[in-house]
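For this chain, numbers begin at 1 and follow the sequence in order.
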Amino acid sequence: MCKGMAESSQPEKTSCPEDEQGRDSAPWRRMRPQGAILVALPQVGLIVVWLLAHHQMSGWCDSPRKLSWCPSYKVLLLVWTTVYSVKGYASYLVWKDLGGGFRQPLALPLGLYAAQLTLSWTVLTLFFVAHTPGLALLLLLLLYGLVVSTALIWHPINKLAALLLLPYLAWLTVTASIAYRLWRESLCPEHQPQPTGEKSH
């Protein structure tokens, strides 16, 4: 009798490993294109800035005096590209953990992300296109606060995504120090010698 009961209950306990594997892997296959898009999305602003200002980027930190500490624009673009890719992957982790799509829980976490991403593109434009380090510095301070807020919102959702924003915060600190130095140089240029052609009597 027990044997019969065991045989009758066997179909309920049996499961096909191939079916479970297919169900588990199917969402990943669907998410891969979205993940690539989210990783590449931050690069859009960088590409636009490059198209607008690539002819004048070599002199992006020109000053009345030679600034030996000023990094090359190629170094800046390389670091921004790396930081943007890491940040884009972090946004993908949050998007995935919240179920993907365009659901209501995504509004705040990815809304903050979209705001600080747009602000960072504006900072790049002010640096390389408009050459206004003072205004860029003000926006960098606001951007720093937005990124900290984003990390705090992301931490309960995905800790790795929040930690991946730390290199971005470090780079914003470096960028803000560069903007501050350039702003000071623009306010206090090197004292130029006055012409000696005219003498006072």
Side-chain angles (χ1 to χ4, degrees), residues 38-94 107-155 160-193:
L38 288 174
V39 170
L41 177 62
Q43 312 297 339
V44 172
L46 199 59
I47 294 173
V48 171
V49 171
W50 168 258
L51 292 176
L52 292 175
H54 67 279
H55 294 298
Q56 52 186 352
M57 276 189 175
S58 57
W60 77 277
C61 63
D62 285 344
S63 175
R65 50 184 161 182
K66 182 65 177 177
L67 304 178
S68 57
W69 52 266
C70 189
S72 166
Y73 75 96
K74 295 180 180 179
V75 174
L76 290 180
L77 291 179
L78 178 62
V79 177
W80 274 108
T81 302
T82 304
V83 167
Y84 273 158
S85 299
V86 173
K87 186 172 69 167
Y89 178 69
S91 70
Y92 167 68
L93 294 178
V94 173
L108 180 59
L110 293 189
L112 281 174
Y113 171 73
Q116 51 105 345
L117 183 59
T118 304
L119 196 57
S120 69
W121 290 344
T122 306
V123 168
L124 290 177
T125 304
L126 294 175
F127 258 124
F128 296 113
V129 181
H131 301 286
T132 53
L135 185 55
L137 178 60
L138 291 177
L139 293 186
L140 278 168
L141 297 177
L142 177 59
L143 177 58
Y144 200 94
L146 276 176
V147 176
V148 171
S149 303
T150 304
L152 293 176
I153 295 294
W154 283 8
H155 188 267
L160 177 59
L163 290 175
L164 288 176
L165 292 180
L166 294 181
Y168 185 40
L169 288 173
W171 178 239
L172 288 180
T173 303
V174 175
T175 308
S177 65
I178 294 174
Y180 175 72
R181 291 289 299 272
L182 288 174
W183 174 63
R184 285 196 60 183
E185 292 290 338
S186 65
L187 292 180
C188 306
E190 185 181 20
H191 177 69
Q192 300 292 334

ask   = Between CG of Leu124 and CG of Leu76, what distance do you get to the nearest 0.5 Å?
value = 9.0 Å
message = What's the separation between atom CG in Leu139 and atom CG in Leu119, rounded to the nearest 0.5 Å?
response = 5.0 Å
note = The residue among Leu46, Val44, Val48 that forms side-chain contact (heavy atoms from CB on, under 4.5 Å) with Trp121 is Val44
task = To the nearest 0.5 Å, tell me how far Leu140 CG sits from Thr173 OG1.
result = 9.5 Å
Using a 3.5 Å cut-off and no angle test, enumerate the donor-acceptor pairs between side-chain atoms of residues 141-152 and protein atoms at least two apart in sequence or in another chain.
from	atom 1	to	atom 2	distance (Å)
Ser149	OG	Gly145	O	2.9
Thr150	OG1	Leu146	O	2.8

request  = For Ser120, check side chain to side chain donor-acceptor pair (under 3.5 Å) against everything at least two apart and list the hits.
outcome  = Tyr84
note = Of all heavy-atom pairs linking Trp183 and Gly134, the shortest is CD1-CA, 3.5 Å
ask   = Which atoms form the tightest heavy-atom contact between Pro109 and Val94, and what is the distance?
value = CB-CG1, 4.0 Å
query = What distance do Lys87 atom NZ and Leu41 atom CG have between them, rounded to the nearest 0.5 Å?
reply = 9.5 Å
Heavy-atom closest contact (Gly88 atom, Pro42 atom, distance) = CA-CG, 4.0 Å
request  = Quick one: list whatever passes side chain to side chain donor-acceptor pair (under 3.5 Å) with Ser85, sequence neighbours left out.
outcome  = Gln43
ask   = Taking the side chain as C-beta and beyond, is there a heavy-atom pair between Phe127 and Leu182 under 4.5 Å?
value = yes
Heavy-atom side-chain contact between Leu166 and Leu163 under 4.5 Å = yes
ask   = Of all residues at least two apart in sequence or in a different chain, which pass the side chain to side chain donor-acceptor pair (under 3.5 Å) check with Tyr89?
value = none
ask   = Rounded to the nearest 0.5 Å, what separation is found between the CH2 atom of Trp80 and the CH2 atom of Trp171?
value = 7.5 Å
ask   = Roughly how far, to the nearest 0.5 Å, is the OH atom of Tyr168 from the OG1 atom of Thr175?
value = 8.5 Å
task = Please identify each residue that fulfils side-chain contact (heavy atoms from CB on, under 4.5 Å) with Ala90, with sequence neighbours left out.
result = Trp154, Ala161, Leu164
